[in-house]
Amino acid sequence: EGDSAVLRRAMAVAQHHDAVSGTEKQHVANDYAKRLAAGWDACQVLVSNALASISGNKENFIYCNYLNISVCPLTESAGTFMVTLYNPLGRRVSWNVRLPVKGASYSVTDPNGQMVPNEVVPVSNFTRAVRRGRGDATHELIFPASAPPLGYSTYTISKMANRDLRSRLAKRIREQAQPRVDT
Amino acid sequence: WSPREIQNEHLRVLFDPVTGLLMKIQNLDKSISLPVSQSFFWYSASIGDDDSAQASGAYIFRPNHSEPLPVARGVRTYLVKNKLVQEVYQNFSSWCSQVVRLYAGQAYVELEWTVGPIPVDDGLGKEIISRFETSLQTDGRFYTDSNGREILERRRDYRATWNLSQTEAVAGNYYPVNSRIYIKNKKFQLTVLTDRSQGGSSVADGSMELMVHRRLLYDDNRGVGEPLLEPGVYHDGLVVRGRHLVFLDTVESSADRHRLQAQQEFMAPQLVLAPGGGPSFHRG
């Protein structure tokens, strides 16, 4: 069962002025972090249950806490996966999603099944230096996404095989060879 | 070779070809061009001096000089450019780097900095800042938010309710920055949104700075009883990574930009991943 009370309690403790300003002893800072992490763990179950209930699909939802240093075991290893963006704001937002990957080419489809433009860039040496053995993604997949007010959008990502790449390249060459007619 | 500029529909960001540092920002929609140099500096933390025994610590920011030292005078850079994003990677040192980023269609410059572990082998506590220097005539005034809500005007070396005798030229002008800080002249405004609470100031006209990380070796004797020397998982100090979003616009239009974007940063979309193919589910 999901439970938001654990995080609520941890947040309440973290209202203390030492937690707000960082004037606590180190072992107290560690305890604040531990409480907040335990709270988030319990909340993840709650969010997963809510998403399953709303979407009608019981998925093995995964939360990657180290996306800021390009670490996410699922996106690094899976050939196909889904990304759900939940938007807590009361208006539509656009967002550039960055996910750690190992492949060179991906297809991204939006909730309507439309292809979404995407790019794959190498993980920087800056990031490799700070992640210190956590994860081994070589690239980051970037694509623009959007989510409705107080709602969610789910994007599907698939790694493209080399033959897909070759056929896409051949198609591009054919297109460039033909004269274009603007209408 | 170092990249000279990155550009999207709204902004152009120029870099100094010699130092590799950010040099100028242009708002292409409004035809505004402002020389903006941005770099990282560090204040050497006081351990107490003849004026006062007060050391810099968890409660107290007290540099031992008013002028911070540059982390680097020039940076090694490289460019990543595609249809969705343009990024200039700047390497300041082995413990300080930054990505200057423009996504397609984005009306602000994103600075993603990575700082730490701060070296303290030389026996000096260090307080690291990102400083923006412009030609704006700001008349000693700058602006910070009050917990993301009201914007408060701050005046250098001035207090509204008493005659101030300033004894700490830098620390005495530092203010909390919870979500944004800006400077402006009569026409243009340079705004920086933060992704977390930081300390910030404008210690000279046209200048604006934010403290992004600190590592200190002495207790400030204000109660915590230990220096601000967080070891991190690997016991060599913390590495922090964060973002500053920089807006250049007219004074009239700036609030419309930074207010909405700040909401989007504070209540950012939550990413949830799944391998897919799960069974259908209906609540009983």
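Small disclaimer: the values here were computed from a predicted structure and weren't measured. Lettering follows sequence order; numbering is per chain, from 1.
Contact of I69(A) with chain B is made through backbone and side chain together, with heavy-atom distances under 4.5 Å. Interface remark: V28(A) contributes no atoms to any contact with chain B (heavy atom separation under 4.5 Å). Residue T156(A) does not touch chain B at all, counting heavy-atom pairs closer than 4.5 Å. Contact annotation for A78(A): neither backbone nor side-chain heavy atoms come within less than 4.5 Å of a heavy atom of chain B. Contacts between Q90(B) and chain A at a heavy-atom distance below 4.5 Å involve the backbone alone (N, CA, C, O).
Counting heavy-atom pairs closer than 4.5 Å to chain B, the top residue among T154(A), V83(A), N87(A) is V83(A). Ranked by heavy-atom pairs under 4.5 Å with chain A, the list Q264(B), E87(B), H282(B) is led by Q264(B). With chain A as the partner, the residue from A58(B), P275(B), S280(B) showing the most heavy-atom pairs under 4.5 Å is P275(B). Of the residues considered (L229(B), D236(B), V239(B)), D236(B) shows the highest number of contacts with chain A, using heavy-atom pairs under 4.5 Å.
Annotation: side chain of L271(B) is in contact with side chain of L85(A) (closest heavy-atom distance under 4.5 Å). In this structure, I142(A) and Y103(B) have side chains that are in contact, with non-hydrogen atoms separated by less than 4.5 Å. Residues Y78(B) and S124(A) are in side-chain contact: their nearest non-hydrogen atoms beyond the backbone lie under 4.5 Å apart. Side chains of N91(B) and F126(A) form a contact here, defined as non-hydrogen atoms less than 4.5 Å apart. With contacts defined as side-chain heavy-atom distances shorter than 4.5 Å, the pair M82(A)/L273(B) does not qualify.
A donor-acceptor contact closer than 3.5 angstrom is absent between the side chains of Q26(A) and E226(B). In this structure, a donor-acceptor pair under 3.5 Å is absent between the side chains of T23(A) and R222(B).
A side-chain donor-acceptor contact under 3.5 Å links K25(A) to the backbone of V224(B). At least one donor-acceptor pair under 3.5 Å links the side chain of E59(A) to the backbone N or O of G276(B). Between the R91(A) side chain and the L260(B) main chain, a donor and an acceptor come within less than 3.5 Å of each other.
Here the shortest heavy-atom pairing between W95(A) and A268(B) reads CH2-CB, 3.7 Å. The two residues N68(A) and R241(B) make their nearest non-hydrogen contact at O-NH1, 2.8 Å. Minimum heavy-atom separation, P269(B) to P88(A): CA-CD, 4.2 Å.
Atom CG of L51(A) is separated from atom CZ of F281(B) by 11.5 Å, given to the nearest 0.5 angstrom. Atom CG of N96(A) sits about 9.5 Å away from atom CZ of R101(B), to the nearest 0.5 Å.
By the ring-ring contact (aromatic ring centres under 6.0 Å, His included) test, Y155(A) is found to be paired with F143(A), residues two or more places apart in sequence or in another chain being considered. Listed by chain and residue number, C72(A) satisfy the disulfide (SG to SG under 2.5 Å) test with C64(A) (two or more places apart in sequence, or in another chain).
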